Every structure is written in C-alpha cells, then in structure tokens.
Amino acid sequence: MYIQYTMDQLFLPMDLETDIPENHLVRVVNDAVNRLSDSIFNAAYPGGGRHSYHPKMLTKIIIYAYTQRIYSSRQIAKAVRENIMFMWLAARQKPDFRTINRFRSERMKAVLETVFAHVLELLVQEQYVSLDHYFLDGTKLEANANRYTFVWKKAVVKHQAKLQEKVHTLFQAIEEAENEEDAVHTGADLPELGETSALTAEKLEQAVKHLEEKLSEKPKDKTLKKAVRQLRKDLLPRLQKYEHQLQTVGERNSYSKTDSDATFMRMKEDHMRNGQLKPGYNVQIGTENQFVLGYSVHQRPTDTKCLKPHLDHLEKMLGQKPKTVIADAGYGSEENYSYLEEKNIQGIVKYGTYHKEKTRTFQRAMGKVDNWSYNETSDTWTCAAGQTLHFRVERQTVTESGYPIRTRHYLSEDCSQCPMKSICTRAQGDREIAISLTYLRQKNEMRERLRSEEGYRLSVRRMIEPESVFGQMKNNRGFRRFLLRGLQKVSLEVGWLCLAHNLLKKATMAEKRKRDQSG
C-alpha cells in the first residue's frame with residue numbers, strides 16, 4: 001500500500017552525482033572552474049605551512065553560493081555540511097567559515113580578476129559574447145557601515161581653520177604676557193608657524209616642544225604652563241585628528257568612520273523617503289548579451305568621473321579595450337569624449353541635453369546657444385535676434401583628473417535696444433557666452449551617431465543590458481548591501497557576484513540553445 005519507509009537504515013548514496021540532474025547549474029559551475037589552469041591560483045599560495053584546501057574547490061562553492069543568494073561565509077560553510085550540491089562540489093570536504101572567508105576576501109585579491117578574465121574567454125569561445133559592444137552603466141550599493149558615523153570634508157575644513165586661528169591667538173597672548181626679553185625669543189619662533197592656513201600639526205609640535213623647554217626654565221610661569229597644557233592636551237591632538245580626516249577623505253566630500261573607504265551617496269532605495277545620504281560605493285559594470293564583461297568599484301557618486309578609470313581598469317584586466325562603448329547621458333562630457341577618441345573607441349554616449357533638444361520648447365528658446373549660428377571663418381556667433389557676438393578672450397580650466405578645457409568667450413556688440421533681451425538673458429549688460437569648440441564639435445558628431453540607425457538600435461538595447469543585470473543582482477539575488485568593508489574587499493565581492501551571474505546566465509542560455517536545437 002505504501003512505499004517502504006524506515007528511519008533505521010538512512011544513508012547517503014556513495015556517489016552524490018546520481019542525485020544531480022544532467023543540466024543542473026552546479027554542473028555548469030563545476031565545468032567552468034575545472035577548465036581553468038591550476039597555475040592561475042599559484043599567486044594566492046606562496047607555499048609553506050600545512051596543506052591547503054584546493055582553490056578550485058573553494059572557488060566552486062563560493063560561486064555556487066552566490067548564485068543561490070548565500071553570501072555569508074557561515075551560511076556557505078553550513079551549506080557545505082548539509083546541501084548535496086555543495087557536498088558534491090566540495091567532494092565531501094568541510095572547510096570552515098574562516099577558511100572560506102579568508103579565501104574569498106584575502107587570498108583571491110590578486111587572482112580573482114584573472115579568474116574572471118579566463119571565464120570570460122570561455123564565454124567568447126562558446127560564442128555567448130564577442131566583446132564588440134560594451135554597454136556601460138553604474139549603480140550605488142550601500143556599504144557595510146553605520147549610517148550615522150559620518151565625517152564631512154566641509155565641516156573638518158571649517159573646524160581646522162577655527163582651531164588654527166585659536167592657536168595663533170594663544171601664542172599672541174603668550175607674547176603679551178612675557179617680559180620684553182622673553183618676548184623677543186618667543187617672537188623669533190612664532191614666524192615658523194606660518195600663516196593660519198599653513199599651520200600644520202608638525203609645526204605646532206615643534207613649537208610646543210620649544211615652549212616646554214622654556215617652561216622647564218620658568219616652572220612658575222602660570223600663563224605659559226596653562227598654554228602648554230592646553231596645546232598638548234587639546235589643540236595639538238585635535239589638529240592631528242583633522243589632518244588625518246582630511247587625508248582620509250581625499251578628494252571626496254565625506255566618508256564613514258566604520259568604513260573609511262565608503263562615501264555618503266544618495267541611494268535609489270530610500271525607504272524613509274527623506275533623501276537621506278547613506279555610505280556606499282558606485283559599482284560600474286559593462287555588459288553584452290547581459291553577460292558582465294567588466295566591473296569596477298568607485299568612491300565617487302557621479303558616473304561622469306568613473307568612465308576613464310573603469311575603461312583603464314578593463315583594459316588592464318582583459319588585455320584589450322572594447323570596440324564600441326554605449327552609455328547614457330550621465331557619462332557625456334568633453335573629457336570622456338576626448339578619452340574615447342584618444343583610445344580609438346567608438347562612443348555612443350548621450351550628452352545632457354540630447355533629449356531636450358528634440359522638444360519644441362528647447363528649439364524655440366531664443367537664449368539657447370544651441371539655436372544660434374556660428375561662423376567659423378569670422379569666429380563669430382549670431383543670436384536668434386540677429387545680434388553678432390565677437391570673440392573676446394580664451395580661458396583654460398583644468399578638471400580634477402588634469403584634463404584641460406579651453407573655453408572661448410564671446411560678447412555681443414549692443415543688447416540695450418534688443419526687444420528680446422529679457423527673454424535671452426538676465427544679465428544687466430550685453431550678452432556674453434563661453435563656448436568650448438572642442439565640446440561643440442564632439443556633440444555634433446555624437447548627435448549624428450546617435451540618430452543613425454545603428455546608434456538608435458544600440459541606445460535602445462542599452463536600456464535592457466546593464467539595467468537588467470543590476471535588477472537580477474539586487475532583486476532576484478537580494479544583494480543590496482555589501483558584507484565586507486574597504487574598497488579592496490568590496491571589489492572582490494563584486495567580482496564574485498559577477499562571476500556567479502555570468503555562469504548562471506550561461507546555464508540559462510545553454511538550456512535555451514538545447515531547446516532551440518531540439519525544437
């Protein structure tokens with residue numbers, strides 16, 4: 001009547017493979033990692049000590065864990081003990097969570113990108129990707145850091161300036177309190193502090209030591225004693241703290257005390273709906289056929305400043321650069337366009353006003369330089385009202401990365417009698433414009449490229465490329481917050497996540513190919 005059931009003779013099959021379906025994802029992971037050369041992992045193991053678990057085995061179980069939404073090293077170790085798929089990958093070995101975490105976040109830091117590149121080569125060989133089109137986009141992921149332990153650069157600079165001013169005021173008070181002979185000696189040392197803005201902790205340390213020497217000669221000088229105590233116990237430590245904070249924040253606007261590499265950014269996932277900034281990282285990926293071709297992690301919230309370092313990192317990781325880069329308007333800038341031209345990469349990258357240019361309101365706006373005409377021969381601009389603007393001066397500004405931008409300034413002859421002036425400008429005098437002719441040329445070329453048949457097709461395709469990958473990572477696999485801290489370890493997490501995504505996608509595509517062939 002019933003299938004025989006007893007709890008007295010439980011046993012696992014000697015060969016776990018019999019319980020794993022032929023087309024199961026775990027077999028795809030196993031096959032892909034087995035095809036890697038053992039020499040790839042040599043950099044992770046310098047030698048010496050007791051025998052280690054095989055790196056291929058640990059790589060397999062971590063990648064498979066990420067495909068199953070398991071990211072905690074303790075949960076991975078638990079799955080290796082209890083889950084048949086993990087048991088099969090680990091050949092019934094049982095690495096503990098410390099071994100798994102150490103391998104994931106420390107040993108593989110010099111190897112993971114090589115593993116990623118070799119897996120990508122397998123995808124190219126099997127014609128899943130071609131590396132011809134590179135669809136670039138970014139997303140912000142929250143760091144594993146306290147949301148309220150923040151340090152803001154503007155606040156540190158403000159406090160540092162007040163403290164420096166307080167130190168100078170204190171030294172002036174010491175001079176006034178001493179007699180004429182001591183004031184001469186003290187005054188000789190004070191110029192070494194420099195101006196308020198140039199006062200450093202090192203200079204203040206030397207000045208405090210000098211005052212301590214004087215105090216040893218005049219131990220009953222209460223004013224000097226009080227000043228030395230205040231400098232040593234309060235002002236000097238605070239100045240050292242401010243300098244350390246400014247060194248940590250670098251060119252960023254903020255950082256978190258619990259993860260100093262994380263920057264406070266505005267996230268799309270705003271559950272409180274109050275626009276609160278959270279510590280996070282800007283993750284950039286490039287895709288083709290929804291496979292991840294390259295990844296990088298940045299501390300800047302704006303995508304514009306991430307294109308150059310991302311593509312440089314990609315060329316270093318893969319040994320080649322993509323033929324065509326497709327990105328949205330967040331990456332459109334003169335510096336990025338010039339970079340793509342220098343690298344001989346075809347760019348299909350929108351600029352900020354690309355979509356606005358198509359609206360009737362924009363086309364009818366008299367004050368928009370885009371609606372004016374330029375005479376290259378005479379180097380003059382003619383506004384919508386017919387006024388001529390002549391070249392006045394050329395200025396150069398340099399971006400944070402060192403890229404020079406030359407802007408030419410043009411001034412109209414006389415706008416006082418123009419009936420359209422109130423519509424054209426709010427300036428009291430004549431209309432002046434600043435134009436980068438290089439950027440103007442690049443925008444015209446990009447506009448033609450975007451409106452071509454291929455450019456339009458690739459721009460539309462971009463909407464379903466990296467956005468879909470981010471959706472699968474965040475929603476389908478629940479990765480919305482990093483587990484590790486620090487830029488290097490966070491980059492490793494993204495690498496593992498991208499590896500898992502590619503093999504998961506490969507399994508899906510392989511199954512689809514089989515169905516198409518059989519059908």
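Please read these numbers as outputs of a predicted model, since none were measured by experiment.
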Test side-chain contact (heavy atoms from CB on, under 4.5 Å) on Gln488 and Lys109; report intermediate values, then the result. CA-CA 8 Å; Gln488 187 181 63; Lys109 60 186 177 183; 3.7 Å; yes
Counting only heavy atoms from other residues, nucleotides and ligands, does the tally under 6.0 Å from CD of Gln396 exceed 12? yes
Run the numbers on Glu335 and Lys305 for salt bridge (charged side-chain N to carboxylate O under 4.0 Å, His left out), then give the verdict. CA-CA 9 Å; Glu335 183 176 0; Lys305 298 175 182 178; over 6 Å; no
Would you mind checking if Glu142 and Arg147 are paired as a salt bridge, meaning a charged N to carboxylate O distance below 4.0 Å? yes
Just so I know, are the side chains of Leu246 and Val157 near enough to count as touching, which here means a heavy-atom distance under 4.5 Å? yes
For the pair Thr67 and Leu503, evaluate side-chain contact (heavy atoms from CB on, under 4.5 Å) and give the outcome as yes or no after the intermediate values. CA-CA 9 Å; Thr67 66; Leu503 293 180; 5.6 Å; no
Salt bridge flag under 4.0 Å for residues Glu288 and Lys505: no
Test log, rule salt bridge (charged side-chain N to carboxylate O under 4.0 Å, His left out), inputs Asp261 and Arg485: CA-CA 8 Å; Asp261 287 343; Arg485 294 179 178 177; over 6 Å; no
Check the orientation of Tyr66 and Trp496. Use parallel for under 30°, tilted for 30 to 60°, and perpendicular for over 60°. tilted
Nearest 0.5 Å, what's the CG-CD distance between Leu25 and Gln68? 6.0 Å
Taking the side chain as every heavy atom from C-beta outward, state whether Met265 and Asn282 have any pair of such atoms under 4.5 Å apart. yes
Neighbour count >12 (heavy atoms, 6.0 Å) for atom CZ, Arg480: yes
Is the count of non-hydrogen atoms from other residues, nucleotides or ligands lying under 6.0 Å from Met317 atom CE greater than 12? yes
In terms of side-chain heavy atoms, does Ser37 have a donor or acceptor partner in Ser39 at a distance below 3.5 Å? yes
Taking atom types as modelled, is there a side-chain donor on His501 or Arg477 under 3.5 Å from an acceptor on the other? yes
Would a distance-only check, ignoring hydrogens and angles, find a side-chain to backbone donor-acceptor pair under 3.5 Å from His310 to Leu136? no
Hey, could you give me the CZ/CG distance between Phe482 and Leu497, rounded to the nearest 0.5 Å? 8.5 Å
Taking every non-hydrogen atom, the tightest pair across Leu318 and Ala117: CD2-CB, 3.9 Å
Among side-chain atoms of Tyr351 and Arg447, is any donor-acceptor pair under 3.5 angstrom? yes
Ignoring hydrogens and geometry beyond distance, is a side-chain donor-acceptor pair present between Gln299 and Tyr255 at under 3.5 Å? no
Whether Arg74 engages the ring of Phe97 as a cation-pi pair (distance to the six-membered ring centre under 6.0 angstrom, angle to the ring normal within 45°) should be assessed. yes
Within 45° cone and under 6.0 Å: Lys358 NZ/CZ vs Phe362 ring: no
To the closest 0.5 Å, what do you measure between NZ (Lys368) and CD1 (Ile433)? 13.0 Å
Do the charged groups of Lys316 and Glu113 touch, with an N to O distance under 4.0 Å? no
Mutual orientation of the aromatic rings belonging to Tyr410 and Trp381 [parallel < 30°, tilted 30-60°, perpendicular > 60°]: perpendicular
Given side chain to side chain donor-acceptor pair (under 3.5 Å), test Ser256 with Thr258 step by step and report yes or no. CA-CA 5 Å; Ser256 171; Thr258 45; 3.1 Å; yes
Give me the one residue out of Arg431, Lys421, His390 that meets side chain to side chain contact (heavy atoms under 4.5 Å, CB included) with Ser412. Arg431
Is the closest basic N to carboxylate O distance between Glu454 and Arg449 below 4.0 Å? no
Might you work through the side chain to side chain donor-acceptor pair (under 3.5 Å) test for Arg395 and Thr407, ending with a clear yes or no? CA-CA 5 Å; Arg395 294 192 175 96; Thr407 54; over 6 Å; no
Contact check, side chains of Tyr403 and Glu334, non-hydrogen atoms, under 4.5 Å: yes
Can we say Glu251 and Arg300 salt-bridge, meaning some charged N sits less than 4.0 Å from an Asp/Glu carboxylate O? yes
With side chains defined as the heavy atoms from C-beta onward, is the minimum distance between Glu465 and His133 less than 4.5 Å? no
Closest approach of Gly347 to Met446 (non-hydrogen atoms, all atoms of both residues): O-SD, 3.2 Å
salt_bridge(Arg408, Asp379) N-O dist < 4.0 Å: yes
I'd like to know whether NZ of Lys474 has more than 12 heavy-atom contacts from other residues, nucleotides or ligands below 6.0 angstrom. yes
Geometric class of the Phe264/Phe150 ring pair [parallel <30°, tilted 30-60°, perpendicular >60°]: perpendicular
Go through the side-chain N and O atoms of Tyr339 and Asp312 and say whether any donor and acceptor fall under 3.5 Å apart. yes
Keeping Arg107 on the side-chain end and Ala44 on the backbone end, is there a donor-acceptor pair under 3.5 Å? yes
When you compare the side chain of His24 with that of Met85, does any pair of heavy atoms fall below 4.5 Å? yes
Looking only at the side chains, is there a donor atom on one of Lys321 and Asn344 sitting less than 3.5 Å from an acceptor on the other? no
Are side-chain heavy atoms of Tyr134 and Leu311 found at a separation under 4.5 Å? yes
Report the distance from atom CZ of Arg462 to atom CZ of Phe135, rounding to the nearest 0.5 Å. 9.5 Å
Look at the rings of Phe291 and Tyr128 and say which category their plane angle falls in: under 30° parallel, 30 to 60° tilted, over 60° perpendicular. tilted
Give a yes or no on whether a salt bridge exists between Lys350 and Asp328, defined as a side-chain N under 4.0 angstrom from a carboxylate O. no
Minimum side-chain heavy-atom gap Phe470-Thr287 below 4.5 Å: no
Any salt bridge linking Arg441 with Glu341? Criterion: basic side-chain nitrogen under 4.0 Å from a carboxylate oxygen. yes
Just so I know, are the side chains of Tyr242 and Leu163 near enough to count as touching, which here means a heavy-atom distance under 4.5 Å? yes
Got a second to check how far Ile435's CD1 is from Glu394's CD, nearest 0.5 Å? 12.5 Å
Heavy atoms of other groups near Tyr456 OH, more than 12 under 6.0 Å: no
What's the verdict on side chain to side chain donor-acceptor pair (under 3.5 Å) for Thr388 and Glu413, showing C-alpha distance, side-chain angles and the deciding distance? CA-CA 7 Å; Thr388 302; Glu413 295 175 343; 5.1 Å; no
